[in-house]
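For reference, the structure discussed in these notes is given below.
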Amino acid sequence: MDPLLEKLGVAVEFGKVDKNSPYPPNMKDQDGADELTKEALDSGIKPTSILTESLVPAMDRVGRKFSENKIFVPQMLMSAKAMGAAMNHLKPYFQSGDVKTRGTFIIGTVKGDLHDIGKNLVAMMVEGGGWTIIDLGVDVNEDMFNQTLAENPGAFVGLSALLTTTMANMEVIVQQIKEVNPGTRVLVGGAPLNDDFRAKIGADFYSPDPRGAVEYLNSCVS
Ligand code: B12
């Protein structure tokens, strides 16, 4: 792997946001995710390579260490911050694209769930695919989705959940959306989900990654 991508992965794994960040103390004065991402882009490395070869595997390592009780919530939060600093540089590449005319995509992380890194990535990529995005943020309940749908008839909806506990909330939200706004297509995603779960809760599409979502959405309107 490119040594720069390796270094960036380490910065995200250990929560080094930028050069000025005092955390972690043993990486004092070293470049963080902010500088390293910029450097990687300047050196011609593709944004998708930065994401899939460096950032996403780093977050996977963070999750593994958390499961094994080797790190705790504050460390996980610093890693998320570092990932956010990296994503700020990638955003313009993923968001650029055609004029936004294909349709409207309402996205949110379901109620009870505060994880937004994956949801933000999906929003960026779908926007880059030519869609108007309404990002409702995290901890979003069925009423917020339905109200936004009422204001944007015909919009598609994306739900994200990262916790096994909030997957249950996803089921309620899908049911309510289908009841109040029949015909709405609902896409679901998040690390603990799979297509069996999607079928069980009556959602229309599941994808483990943003690309699948973009392809599905585009296929619905072409
Ligand atoms: C970072 C992180 C946090 C950060 C979140 C910061 C933020 N701004 O998002 C903080 C520290 C806040 C956090 C808190 C908690 N977390 Co946490 N967290 C993680 C971690 C390490 C990474 C998640 C992540 O960002 N991954 C990277 C992104 C890019 O991947 P992704 O989200 O899966 O998204 C991709 C796909 O799933 C898909 N996708 C996602 N959404 C959607 C939607 C649609 C429509 C589509 C099509 C696709 C799609 O596309 C994305 C890009 O490829 C995971 C471990 C892991 N490996 O998942 C644990 C993890 C999810 N957390 C966990 C836990 C337990 C918690 C806490 C309960 C901890 C605690 N004791 O407080 C709290 C819960 C807070 C809450 N109410 O939500 C557990 C969940 C276990 C479970 N089975 O339920 C995990 C799995 C860690 C572990 N191994 O135990 N966490």
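Given the structure is predicted, the values throughout are model-derived calculations rather than measurements. Values below: every heavy atom of this structure, side chains too, minus hydrogens, waters and symmetry copies. Atoms within a ligand are numbered from 1 in the order they appear, just like the ligands themselves.
Shortest contact from atom 82 (C) of ligand 1 to any protein heavy atom: T164 OG1, 3.6 Å. Of all protein heavy atoms, the one lying nearest to atom 72 (O) of ligand 1 is V73 CG2, 3.7 Å. Looking from atom 36 (C) of ligand 1 to the surrounding protein, the closest heavy atom is P208 O, 3.3 Å. Of the protein's heavy atoms, A80 CB, 3.5 Å lies nearest to atom 6 (C) of ligand 1. Nearest protein heavy-atom neighbour of atom 12 (C) of ligand 1: L77 CD1, 3.7 Å. Here the protein heavy atom with the shortest distance to atom 26 (N) of ligand 1 is M59 CB, 4.1 Å. Annotation: atom 77 (N) of ligand 1 to nearest protein heavy atom, G112 O, 3.0 Å. Given atom 8 (N) of ligand 1, the protein heavy atom at minimum distance is D116 OD1, 2.7 Å.
Of all the listed residues (L217, L162, V62), L162 holds the heavy atom that lies closest to atom 58 (O) of ligand 1. The residue from T165, L163, L114 that puts a heavy atom closest to atom 64 (C) of ligand 1 is L163. Within the set S67, G118, S160, the minimum heavy-atom distance to atom 89 (N) of ligand 1 is found for S67. For atom 16 (N) of ligand 1, the nearest non-hydrogen atom from the set H115, M87, K111 comes from H115. Closest to atom 25 (O) of ligand 1 by heavy atom, among V122, I117, L121, is I117.
Polar contact with ligand 1: absent for S207 (N/O pair, distance under 3.5 Å). In terms of polar-atom proximity, defined here as any N/O pair under 3.5 Å, I107 makes no such contact with ligand 1.
Checking side-chain atoms of S79 against main-chain N and O of E13 turns up a donor-acceptor pair under 3.5 Å. A donor-acceptor distance shorter than 3.5 angstrom exists from the side chain of R198 to the backbone of A203, with no hydrogens or angles considered. Checking side-chain atoms of S54 against main-chain N and O of G9 turns up a donor-acceptor pair under 3.5 Å. Using modelled atom types, one side-chain atom of T109 and one backbone atom of H115 make a donor-acceptor pair closer than 3.5 Å. With hydrogens and angles ignored, the 3.5 Å screen pairs no side-chain donor or acceptor of E53 with any backbone N or O of I50. Within the 3.5 Å criterion, the main-chain N or O of I45 finds no donor-acceptor partner in the side chain of S49. Here the side chain of K16 pairs a donor or acceptor atom with the backbone of M27 at under 3.5 angstrom. In this structure, the side chain of Q75 engages the main chain of F72 through a donor-acceptor pair within 3.5 Å.
Applying the 4.0 Å criterion to heavy atoms of P210 picks out, from ligand 1, the atoms 50 (O), 52 (C), 53 (O). Near G63, the atoms of ligand 1 lying under 4.0 angstrom from a non-hydrogen atom of the residue are 21 (C), 55 (C), 88 (C), 89 (N). For ligand 1, the atoms lying closer than 4.0 Å to a non-hydrogen atom of L159 are 43 (C), 44 (C), 45 (C). In the vicinity of L187, heavy-atom distances shorter than 4.0 Å reach the ligand 1 atoms 45 (C).
When heavy-atom distances to ligand 1 are checked against a 4.0 Å cut-off, L55 has no atom that comes that close, whether in backbone or side chain.
Counting heavy atoms from C-beta on, the side chains of V157 and L149 come closer than 4.5 Å. Taking the side chain as every heavy atom from C-beta outward, K178 and T184 never approach each other to under 4.5 Å. Counting only heavy atoms from C-beta outward, the side chains of Y23 and K28 never approach each other to under 4.5 Å.
Looking at F156, Y216, F105 one by one, the single match for ring pair (Phe, Tyr, Trp, His ring centres under 6.0 Å) with W131 turns out to be F156. Screening K111, Q176, Q175 for a side chain to side chain donor-acceptor pair (under 3.5 Å) with E142, the sole residue that qualifies is K111.
A cation-pi arrangement, defined by a distance under 6.0 Å to the six-membered ring centre and an angle within 45 degrees of its axis, is present between K65 and F14.
Of the protein's heavy atoms, none falls inside 4.0 Å of atom 86 (C) of ligand 1. Within a 4.0 Å radius of atom 54 (C) of ligand 1, the protein has no heavy atom. Contact annotation for atom 67 (C) of ligand 1: protein absent (non-hydrogen atoms, distance under 4.0 Å). Distance screen at 4.0 Å: atom 51 (C) of ligand 1 has a protein heavy-atom neighbour inside the cut-off.
Put simply, no part of P192 is less than 4.0 Å from ligand 1, judged by heavy atoms.
Around the NZ atom of K7, the shell of radius 6.0 Å holds no more than 12 heavy atoms that belong to other residues, nucleotides or ligands.
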